[in-house]
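What follows is a set of notes on a single structure, which appears directly below.
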Number of protein chains: 2
Amino acid sequence: MKATFGEYIKQLRVCKGFTLTQLAFQLGLDSANLSKIENGKREFDEKRLEKLASTFNLDIEKLKTEYFADQFAKKMYQYNCSPETLVVAEEKVNYLKKVNVKQGKIKFEDEK
Amino acid sequence: MKATFGEYIKQLRVCKGFTLTQLAFQLGLDSANLSKIENGKREFDEKRLEKLASTFNLDIEKLKTEYFADQFAKKMYQYNCSPETLVVAEEKVNYLKKVNVKQGKIKFEDEK
DNA sequence: GCTTAATTTGTCAATTATTGACAAGTTAAA
DNA sequence: TTTAACTTGTCAATAATTGACAAATTAAGC
């Protein structure tokens with residue numbers, strides 16, 4: 001899968017023969033906005049990933065991978081980050097996990 | 001460098017013997033907020049990367065790498081993304097670059 | 001051609017998130 | 001116990017994102 005997340009959604013949609021309006025309804029948004037999402041002019045909201053997965057019967061984990069990879073790639077491209085960035089990111093994920101095990105949960109804003 | 005970006009800033013600051021107030025002044029923010037940044041309770045604003053680099057005489061590219069890697073890692077950790085995500089991200093960066101060469105600039109919101 | 005559905009684009013108010021600022025609290029060193 | 005350093009809480013101001021609708025364009029069928 002080399003396409004952007006928007007292109008990916010469009011692919012899924014067209015493949016199943018849905019119109020924008022139909023899919024937008026499933027996802028609980030406006031067809032105009034779905035169009036923008038498909039064309040990379042708006043972001044897909046993370047909270048709709050589950051609905052997207054169930055609509056197309058996709059593995060939610062794979063979908064998350066596509067989704068976040070897309071976000072990272074866009075940032076990298078936009079800010080012209082070195083490829084090294086992803087290597088360092090991997091180290092940092094491991095660091096966070098290790099610290100987490102040692103010290104207990106690191107809380108993010110959206111956790112209670 | 002395995003630490004978070006906040007820990008990294010603190011390291012730099014303490015190493016040079018600066019107080020929060022001193023560094024905060026250099027960066028144009030409040031010492032209370034810098035404290036939060038160092039402790040991971042607020043995000044460092046991308047627009048201050050240059051100032052941070054010049055204050056500590058750091059290579060801006062390396063700093064960017066640290067900075068964005070930190071952001072990606074936090075998201076990965078927060079949403080429990082598979083490690084695969086970073087591999088896919090790399091593919092997608094290449095895809096974006098290729099598409100860009102073929103079709104001309106992809107514009108982001110903050111470009112004119 | 002004409003008609004109608006599908007898609008895209010523009011705009012904007014409303015919601016939501018982020019920031020800057022300051023006060024009040026705690027910790028640490030002398 | 002005083003003074004500086006740091007941390008935490010709060011909140012208004014600012015900024016970013018979203019949802020919604022109208023209008024414009026494109027595509028398909030007749």
Side-chain angles (χ1 to χ4, degrees), chain A residues 3-52 55 67-68 70-72 74-75 78-79 103-112, chain B residues 3-52 55 67-68 70-72 74-75 78-79 103-112:
Chain A
T4 65
F5 198 72
E7 288 166 346
Y8 177 53
I9 293 177
K10 181 165 193 171
Q11 212 172 286
L12 289 167
R13 179 176 64 81
V14 171
C15 198
K16 289 266 185 183
F18 291 163
T19 66
L20 282 170
T21 309
Q22 288 171 325
L23 179 55
F25 176 77
Q26 289 289 322
L27 298 175
L29 51 76
D30 195 63
S31 67
N33 290 324
L34 180 54
S35 168
K36 287 170 196 158
I37 289 168
E38 287 188 352
N39 294 298
K41 316 212 153 127
R42 282 229 180 162
E43 289 307 311
F44 186 81
D45 195 321
E46 181 264 328
K47 74 184 177 215
R48 273 189 263 259
L49 279 179
E50 292 268 15
K51 269 188 184 168
L52 189 63
T55 299
Y67 178 71
F68 288 106
D70 184 72
Q71 291 199 340
F72 300 164
K74 276 181 187 153
K75 266 240 158 103
Q78 183 176 6
Y79 288 97
Q103 308 182 347
K105 274 234 273 223
I106 293 174
K107 51 253 132 292
F108 288 96
E109 303 68 33
D110 54 356
E111 295 185 49
K112 67 164 178 316
Chain B
T4 66
F5 198 71
E7 288 167 347
Y8 177 53
I9 292 177
K10 181 165 194 171
Q11 213 172 285
L12 289 167
R13 178 176 66 81
V14 171
C15 197
K16 288 266 183 181
F18 291 163
T19 66
L20 280 171
T21 309
Q22 289 171 323
L23 179 54
F25 176 75
Q26 289 289 324
L27 298 175
L29 52 77
D30 195 63
S31 68
N33 290 325
L34 180 54
S35 167
K36 285 170 198 160
I37 289 168
E38 287 188 350
N39 294 298
K41 315 212 154 128
R42 280 227 183 165
E43 288 308 311
F44 187 81
D45 194 321
E46 181 264 329
K47 74 184 177 217
R48 272 188 265 259
L49 280 179
E50 292 267 15
K51 269 187 183 166
L52 189 63
T55 300
Y67 178 71
F68 288 106
D70 183 73
Q71 291 200 341
F72 299 164
K74 277 180 186 154
K75 267 243 158 100
Q78 183 177 7
Y79 287 98
Q103 308 182 348
K105 274 234 272 223
I106 293 173
K107 50 253 133 293
F108 287 96
E109 302 68 34
D110 54 356
E111 297 185 47
K112 67 162 180 317

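Below, read A as the first sequence line, B as the second, and so on, with proteins coming before strands; counting in each chain starts at 1.
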Could you tell me the separation between the [atom1] atom of [X] and the [atom2] atom of [Y], rounded to the nearest 0.5 Å?
X	Y	atom1	atom2	result
B:L12	B:L23	CG	CG	8.5 Å
B:T4	B:Q11	OG1	CD	9.5 Å
A:K10	A:E38	NZ	CD	5.5 Å

With side chains defined as the heavy atoms from C-beta onward, is the minimum distance between [X] and [Y] less than 4.5 Å?
X	Y	result
B:T55	B:F18	yes
A:L52	A:Y67	no
A:F44	A:L49	yes
B:E46	B:Q71	no

For residues 24-32 of chain B, run the donor-acceptor check on the side chains, cut-off 3.5 Å, and write out each pair with its distance to 0.1 Å, sequence neighbours left out.
from, atom 1, to, atom 2, distance (Å)
B:D30, OD2, B:A32, N, 3.3

Protein-nucleotide distance ([X], atom [atom1]; [N], atom [atom2]), rounded to Å:
X	N	atom1	atom2	answer
A:L34	D:dA20	CG	P	13 Å
B:L27	C:dA21	CG	C1'	16 Å
A:R42	C:dT11	CZ	P	13 Å
B:L29	C:dT18	CG	P	17 Å
B:D45	D:dA15	CG	P	11 Å
B:F44	C:dT19	CZ	P	11 Å
A:E43	C:dT16	CD	C1'	16 Å
A:K47	D:dT18	NZ	C1'	8 Å

**Message:** Between the opening five pairs and the closing five pairs of the helix from C:dG1-D:dC30 to C:dA30-D:dT1, how far apart are the helix axes, to 10°?
**Reply:** 40°

**Prompt:** Of all residues at least two apart in sequence or in a different chain, which pass the side chain to side chain contact (heavy atoms under 4.5 Å, CB included) check with B:E50?
**Reply:** B:I60

**Complete:** Residues at least two apart in sequence or cross-chain that pass side chain to side chain contact (heavy atoms under 4.5 Å, CB included) with B:S35, listed by chain then number, are B:L20, B:N39

**Prompt:** Using a cut-off of 4.0 Å between protein heavy atoms and nucleotide atoms, how would you tag nucleotides 3-9 of chain D 5' to 3' with B, S and -?
**Reply:** --SSBBB

**Asked** What does nucleotides 24-30 of chain D look like as a protein-contact string, B for base, S for sugar-phosphate only, - for none, at under 4.0 angstrom between heavy atoms?
**Response** -------

**Prompt:** Quick one: is B:R48 getting a side-chain N or O under 4.0 Å of the C:dG20 phosphate, OP1 or OP2?
**Reply:** yes

